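Following: one structure in structure tokens, then a few remarks.
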Amino acid sequence: MVRYLVDRSAKVAIDDEIRGHVEWDGGLIPDPVIMRGNGMPLYNFATVIDDIDLEITHVIRAEEHLSNTPVQMLLFEALGATPPVFAHIPFVAAPGTKEKLSKREKKIEKYRKSPQFKKLFDIADDVLPKLGLGSSETLNPVMVAYYEAVGFLPEAVLNSLSRLGWSLDDKTENMSLDFVVENFTLDRVVKAPAGLDPDKLLAYQEYWMSQLPLEKKVDGCLPFLEKAGLIDAQERHREFVGRLVEALGDRLKLFSDILSYDEYFVSDDHLVYDEKAFEMRIQKPERAVELLAKYREVLAASSIFTASALEEGFKSWMESEGISYGDIIHALRVAVSGKATGPGMFDCLAILGQERCLNRLDQAIKRVAK
RNA sequence: GGCCCCAUCGUCUAGAGGCCUAGGACAUUGGAUUUUCAGUCCAAGAACAGGGGUUCAAAUCCCCUUGGGGUCACCA
């Protein structure tokens, strides 16, 4: 074993690009082991050798390394090398805290329950099982892989991380990689650790998703649909998924959100109804079934099945019946999609197509009769 | 505990002595728009940890206190 003998009277100091002047008292630094008994050099020694060898000019690393720095400085000096410029940036903290984000099992369990972090875990528990990737037990938001697995955009993750402990000015929020590379400077790094903010991450995700052209969104959604077994060969469904994604608009935030619209992919007899919605919008209202049956005939007679044509036909039918949107639209939505929410009503009908709409209407009406 | 770092709205931040009755973003609340949801638009509430200095003037400089954090391996 080899130790480096520290000069007890020495003062070790660095001028950190971010922390400024930091000093240590040599008398308080224990002689560091630089090589093991078996000849294996240790980190603090090896890293210094590497930095000298590779002519490293700047060491930019997280603040937790600050306490290693005096030892490394001593070694640089002992080896007669010019030490690099150090910049100790703050680490990423757990949401709502100043504590270093940790991967330790005990901490993960704490995060899972934290109000700020919970929604990211919930996404994992919702999405991962559908993909056959386990749950938040196997992949969670302290892992980079999580973000890709649940359909975050790299742009959003990068943007979010960039703004943690750094800002360009008092208003720039949305930044691409190129922009950050172009504009990042060490002197604007904040000194205090910053907690990851899941809400803000999600907001960046919304922004970058909104900037994505339709075809890219489709590219992003197809693999999720396939892994979830909702479609087979991706290319065969491209056009259909494209229409759905377009109708979904801003509703699609994560690529995996497409999985919550399974009603567009399952066969009519496998459609799952939201029981509460079914009860409230179809079962309970006085005229719901009667109106659904009547509108079914209108749909059956529609020769052009586009959203705009359907809406026109719907309007004139409403007039002739003397009813308004509210009287029928909710029942119609639940009948054809099984759910209370979704894209625009007529987009929904058009995407499903005539045959499926009629089948589902019949099925819903029959369901009430039982 | 020793050593070191840090401290502006709930969160991420702007602020490098007067431009600050402290700005922006996310979140929150209210309103508008809408066939649902999402969105969009408008508006509101919300912070300089405390105490001493220095100065004509301090969120900004100095000191102390308090609070928070990192690190203390023959790991990296």
Side-chain angles (χ1 to χ4, degrees), chain A residues 1-3 12 14 16 18-20 22-30 32-47 61-71 88-100 102 115-116 119 159-174 187-207 209-210 247-253 257 260-261 277 281 311 314-315 318 323-334 337 339-348:
Chain A
M1 186 223 329
V2 180
R3 284 180 189 274
V12 189
I14 60 167
D16 192 278
I18 292 160
R19 310 282 142 190
V22 185
E23 253 186 27
W24 293 267
D25 183 350
L28 268 15
I29 303 172
V33 174
I34 59 176
M35 193 183 281
R36 271 203 285 240
N38 65 9
M40 178 72 82
L42 265 4
Y43 168 71
N44 271 136
F45 182 52
T47 192
R61 58 183 11 170
E63 177 190 345
E64 55 200 287
H65 280 284
L66 193 53
S67 50
N68 282 324
T69 311
V71 170
H88 287 93
I89 62 178
F91 48 79
V92 174
T97 74
K98 297 287 180 201
E99 248 169 85
K100 194 167 72 154
S102 158
Q116 300 96 326
K119 63 181 67 172
N159 202 157
S160 173
L161 257 19
S162 303
R163 284 287 288 98
L164 243 39
W166 180 76
S167 69
L168 176 63
D169 52 32
D170 60 339
K171 45 193 55 136
T172 310
E173 291 288 344
N174 299 125
D187 64 298
R188 291 199 59 83
V189 172
V190 172
K191 295 175 176 178
L196 174 73
D197 185 345
D199 279 324
K200 204 149 184 179
L201 202 214
L202 256 3
Y204 286 121
Q205 171 69 17
E206 273 182 55
Y207 171 77
M209 192 58 106
S210 77
L248 249 22
D250 294 327
R251 274 164 279 243
L252 190 79
K253 289 170 183 163
D257 286 344
S260 59
Y261 297 95
R281 319 247 67 147
E311 178 155 20
F314 186 84
K315 275 181 181 160
M318 278 199 310
I323 58 171
S324 60
Y325 279 109
D327 295 323
I328 176 69
I329 206 121
H330 302 294
L332 181 57
R333 178 186 297 282
V334 175
S337 76
K339 292 173 185 165
T341 65
M345 188 67 252
F346 304 101
D347 284 323
C348 168

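Just so it is clear: chains get the letters A, B, ... in the order the sequence lines come, proteins before strands, and each one is counted from 1. The shown structure was predicted, so the numbers you read here are calculated from the model rather than taken from an experiment.
Within the 4.0 angstrom heavy-atom criterion, only backbone atoms of the sugar-phosphate kind lie near Val190(A); the bases stay farther away. Backbone-only contact: Lys100(A) has heavy atoms under 4.0 Å from sugar-phosphate atoms and none from a base. Residue-level contact check: Asp197(A) touches the bases, meaning some heavy atom is under 4.0 Å from a base atom. Counting any heavy atom pair closer than 4.0 Å across all strands shown, Arg333(A) reaches a base atom. Using a 4.0 Å heavy-atom criterion, one finds that Ser67(A) contacts the sugar-phosphate atoms exclusively. Tyr204(A) comes within 4.0 angstrom of no nucleic acid atom, judged by non-hydrogen atoms across all strands. Nucleic acid contact for Gln116(A): none, since no nucleic acid atom lies under 4.0 Å from a heavy atom of the residue. Nucleic acid contact for Gly165(A): sugar-phosphate only, since backbone atoms but no base atoms lie under 4.0 Å from a heavy atom of the residue. At a threshold of 4.0 angstrom between heavy atoms, the contacts of Arg188(A) are confined to the sugar-phosphate backbone, with no base atom among them. Within the 4.0 angstrom heavy-atom criterion, base atoms lie near Gly342(A). Nucleic acid contact class of Asn38(A) (heavy atoms, under 4.0 Å, all strands): none. As judged by a 4.0 angstrom heavy-atom cut-off over every strand, Pro343(A) is placed among the base-contacting residues.
Under the 4.5 Å side-chain criterion, counting only non-hydrogen atoms from C-beta, Arg251(A) is in contact with Tyr261(A). At least one side-chain heavy atom of Tyr204(A) sits less than 4.5 Å from a side-chain heavy atom of Glu173(A). Ile29(A) has its side chain within reach of Pro70(A): a pair of non-hydrogen atoms, C-beta onward, lies under 4.5 Å apart. Side chains of Met209(A) and Lys253(A) form no contact here, defined as non-hydrogen atoms less than 4.5 Å apart. Side-chain contact check for Leu66(A) versus Ile14(A): some heavy-atom pair is nearer than 4.5 Å. Using a 4.5 Å heavy-atom cutoff, the side chains of Trp166(A) and Ile89(A) are not in contact.
In terms of position on RNA chain B, the residue among Arg19(A) and Glu206(A) whose nearest nucleotide sits closer to the 5' end is Arg19(A). Checking Gly37(A) against Leu164(A), the closest nucleotide of RNA chain B that is more toward the 5' end is the one next to Leu164(A).
Side-chain atoms of Lys191(A) and base atoms of C6(B) include no donor and acceptor less than 3.5 Å apart. Glu173(A) contributes a side-chain N or O that forms a donor-acceptor pair with the base of G24(B) under 3.5 Å.
For the pair Asp170(A) CG and A22(B) P, the computed distance is 15 Å after rounding to whole Å. Rounded to whole angstrom, the span from the CG atom of Leu66(A) across to the P atom of C5(B) amounts to 7 Å. Here U36(B) presents its P atom at 15 Å from OH of Tyr261(A), a figure rounded to the nearest Å. Rounded to an integer number of Å, the gap from His88(A) NE2 to C5(B) C1' is 11 Å. Summarising the geometry, the separation between CG on Leu196(A) and P on G10(B) is reported as 19 Å, rounded to the nearest angstrom. Whole-Å rounding puts the Lys171(A) NZ to A25(B) C1' distance at 12 Å. The nearest whole Å value for the distance from the CG atom in Leu201(A) to the P atom in A27(B) is 12 Å. Nucleotide C75(B) holds its P atom 13 Å from the CE atom of Met35(A), rounded to whole Å.
Picking from A76(B), C74(B), A38(B) the nucleotide with the shortest atom distance to the side chain of Asn68(A) gives A76(B). Here the nucleotide nearest the side chain of Ala192(A), chosen from C6(B), C26(B), G70(B), is C6(B). Taking every side-chain heavy atom of His65(A) into account, A76(B) is the closest of C37(B), A76(B), U13(B). Closest to the side chain of Arg251(A), out of C26(B), C37(B), C74(B), is C37(B). Of the listed nucleotides (G39(B), C74(B), C26(B)), G39(B) has the atom at the smallest distance from the side chain of Asp250(A). Proximity note for Ser167(A) (side chain, C-beta onward) versus U13(B), A38(B), C26(B): the nearest is U13(B). Checked against A76(B), A38(B), U35(B), the side chain of Tyr325(A) finds its nearest nucleotide in U35(B). Comparing atom distances between the Arg163(A) side chain and each of C5(B), G24(B), G70(B) picks out G24(B) as nearest. Taking every side-chain heavy atom of Leu42(A) into account, C74(B) is the closest of G39(B), G68(B), C74(B).
Using N1 to N3 plus N6-O4 or O6-N4 for Watson-Crick, or N1-O2 and O6-N3 for G-U wobble, each under 3.5 Å, C41(B) pairs with G31(B). Pairing of C56(B), defined by two Watson-Crick or G-U wobble distances under 3.5 Å, is identified with G18(B). Across all strands shown, C6(B) is found opposite G67(B) as a Watson-Crick or G-U wobble partner, with both distances under 3.5 Å. Using the Watson-Crick or G-U wobble rule with both distances under 3.5 Å, G1(B) pairs with C72(B).
Nucleotides C5(B) and A47(B) are separated by 23 Å at their C1' atoms, to the nearest Å. Nucleotides C9(B) and G45(B), compared at atom C1', are 10 Å apart to the nearest Å. To the nearest whole angstrom, the two P atoms, one in U40(B) and one in A76(B), are 49 Å apart. Atom C1' of C26(B) sits at a distance of 41 Å from the matching atom of A73(B), rounded to the whole Å. For the C1' atoms, the distance linking G30(B) with A22(B) amounts to 25 Å, nearest Å. Taking atom P in both A43(B) and G24(B), the straight-line distance is 10 Å, to the nearest Å.
A donor atom on one side chain and an acceptor atom on the other are found under 3.5 Å apart for Asp327(A) and Ser324(A). Side chains of Arg61(A) and Thr69(A): a donor-acceptor N/O pair is present below 3.5 angstrom, by distance only.
Contact check, Lys98(A) against C12(B): a side-chain N or O comes under 4.0 Å of OP1 or OP2.
None of Asp197(A), Leu196(A), Leu201(A) except one satisfies the side chain to side chain contact (heavy atoms under 4.5 Å, CB included) rule with Leu164(A); the exception is Leu196(A).
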